[in-house]
Amino acid sequence: MTKQERAVRTRHALLRSAAAAFDQRGYAAATLSLISNGAGVSPGALHFHFENKAAIAAAVELEAADTLCMVATHVYMRQGSALQALADTSHALARAFTTDVVVRAGFQLGREAAYVSSLDLHKDWERYVHRLLARAAEQNTLQPGLSHRQMAAMVVAATVGFEVLGQGEREWVSAHSLTSFWRLILPSLATPEALRELDPTGGRLGVMSRS
């Protein structure tokens, strides 16, 4: 293994260790020694890659944001229907949330009072929902007279609520919970013709997340 390969592996281990510490203990209680021990490296190796804890947290957030972008782009490119893309993306992100500690920690850091976040993953998700519902309006698949802005606020509030509750109980971000949500909300969003073609289960696409 080359020196560069070792450095990449060490940085990856530190990011995942930090994410696990933030996820389990919160930003304030996640000490640098806890993070370095979790990664199996020395404190010196940690400081070689990151100046301080805030720098590690920023890197965790950035990787979570990259995953969010990757998932959203992958789904959007595969779906002609904006409403289907919206449902599928919510499922894909929920699966990433349950399987990828970096994604969980990235969202959690945005709510930490002890940490000044440089990103806003919830705002990124809100913009994506607005964009897809605006696209659905252009595709004439929304119910006539429906305000896509009002519906976007409702979808964002519900899905972010699932994510927050999912920190303590993973059933909130299960496929069952999201499927139930979309079965309830899609008839209020979609025209009857569009509704017949929509799948609320998110079963058409697998999750794309980093390991």
Side-chain angles (χ1 to χ4, degrees), residues 61 63-104 106-108 110 119-211:
E61 276 195 299
E63 184 162 327
D66 286 346
T67 299
L68 171 60
C69 181
M70 179 178 65
V71 169
T73 300
H74 175 71
V75 173
Y76 187 78
M77 295 298 290
R78 291 279 300 272
Q79 290 293 351
S81 165
L83 288 178
Q84 187 65 63
L86 182 57
D88 286 352
T89 304
S90 73
H91 277 280
L93 288 176
R95 293 175 201 166
F97 186 81
T98 60
T99 60
D100 191 335
V101 69
V102 173
V103 172
R104 284 198 305 278
F107 276 95
Q108 179 175 319
L119 300 173
D120 191 337
L121 301 187
H122 294 100
K123 182 62 69 174
D124 288 345
W125 170 241
E126 182 180 355
R127 282 192 287 264
Y128 183 72
V129 172
H130 274 279
R131 186 162 68 246
L132 283 183
L133 287 177
R135 178 60 178 156
E138 294 171 358
Q139 293 175 340
N140 296 315
T141 56
L142 289 184
Q143 291 273 12
L146 195 66
S147 167
H148 74 267
R149 295 183 185 278
Q150 292 177 338
M151 297 307 294
M154 182 182 66
V155 170
V156 169
T159 50
V160 169
F162 288 157
E163 177 259 318
V164 172
L165 291 168
Q167 290 280 358
E169 176 52 63
R170 297 292 166 79
E171 176 61 24
W172 282 103
V173 286
S174 67
H176 172 75
S177 294
L178 280 174
T179 297
S180 295
F181 168 73
W182 287 115
R183 281 182 175 150
L184 179 66
I185 201 66
L186 282 175
S188 300
L189 283 174
T191 63
E193 296 78 11
L195 184 62
R196 286 194 289 268
E197 303 298 322
L198 296 175
D199 175 11
T201 69
R204 298 181 185 183
L205 292 170
V207 67
M208 291 186 65
S209 63
R210 292 179 179 155
S211 57

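- The heavy-atom pair separating L186 from P200 by the smallest distance is CD1-CB, 4.1 Å.
- Screening L93, T73, V103 for a side-chain contact (heavy atoms from CB on, under 4.5 Å) with L68, the sole residue that qualifies is L93.
- Taken from CG in L178 to NE2 in H176, the straight-line distance is 10.5 Å, to the nearest 0.5 Å.
- Shown here for D88 and G202, the closest heavy-atom pair between the two residues is OD1-CA, 3.6 Å.
- At a threshold of 4.5 Å between non-hydrogen side-chain atoms, the residues Q167 and F97 count as touching.
- The nearest pair of heavy atoms linking T201 to R95 is O-NH2, 4.0 Å.
- Put simply, CZ on F107 and CG on D124 are 8.0 Å apart, with the number rounded to the nearest 0.5 Å.
- Residue R183 holds its CZ atom at 8.5 Å from CG of D199, rounded to the nearest 0.5 Å.
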In residues 152-166, what donor-acceptor pairs under 3.5 Å come from side-chain atoms, sequence neighbours left out?
residue, atom, partner, partner atom, Å
T159, OG1, W125, NE1, 2.8
T159, OG1, V155, O, 2.7
T159, OG1, V156, O, 3.3
E163, OE1, R111, NH1, 3.3
E163, OE1, H122, NE2, 2.7
E163, OE2, R111, NH1, 2.8

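- C69 contributes atom SG, which lies 11.5 Å from atom CG of L121 (distance to the nearest 0.5 angstrom).
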Identify every side-chain donor-acceptor pair in residues 137-145 under 3.5 Å, counting partners at least two apart or on other chains, and give the distances.
residue, atom, partner, partner atom, Å
E138, OE1, R135, NH1, 3.2
Q139, OE1, A82, N, 3.1
Q139, NE2, G80, O, 2.7
T141, OG1, A136, O, 3.1
Q143, NE2, P187, O, 3.2
Q143, NE2, A190, O, 3.0

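- Counting only distance, with no hydrogens or angles, the side chain of S177 and the backbone of E171 share a donor-acceptor pair below 3.5 Å.
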* To do: Evaluate side-chain contact (heavy atoms from CB on, under 4.5 Å) for S90 paired with F181, printing each intermediate quantity in order.
  => CA-CA 11 Å; S90 73; F181 168 73; over 6 Å; no
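- Distance check: Q84 CD to T89 OG1 gives 9.5 Å after rounding to the nearest 0.5 Å.
- Q150 CD: 12 or fewer foreign heavy atoms inside a 6.0 Å radius.
- Put simply, CD on E61 and CD on Q108 are 11.0 Å apart, with the number rounded to the nearest 0.5 Å.
- Heavy atoms from other residues, nucleotides or ligands lying under 6.0 Å from CZ of R170 number more than 12.
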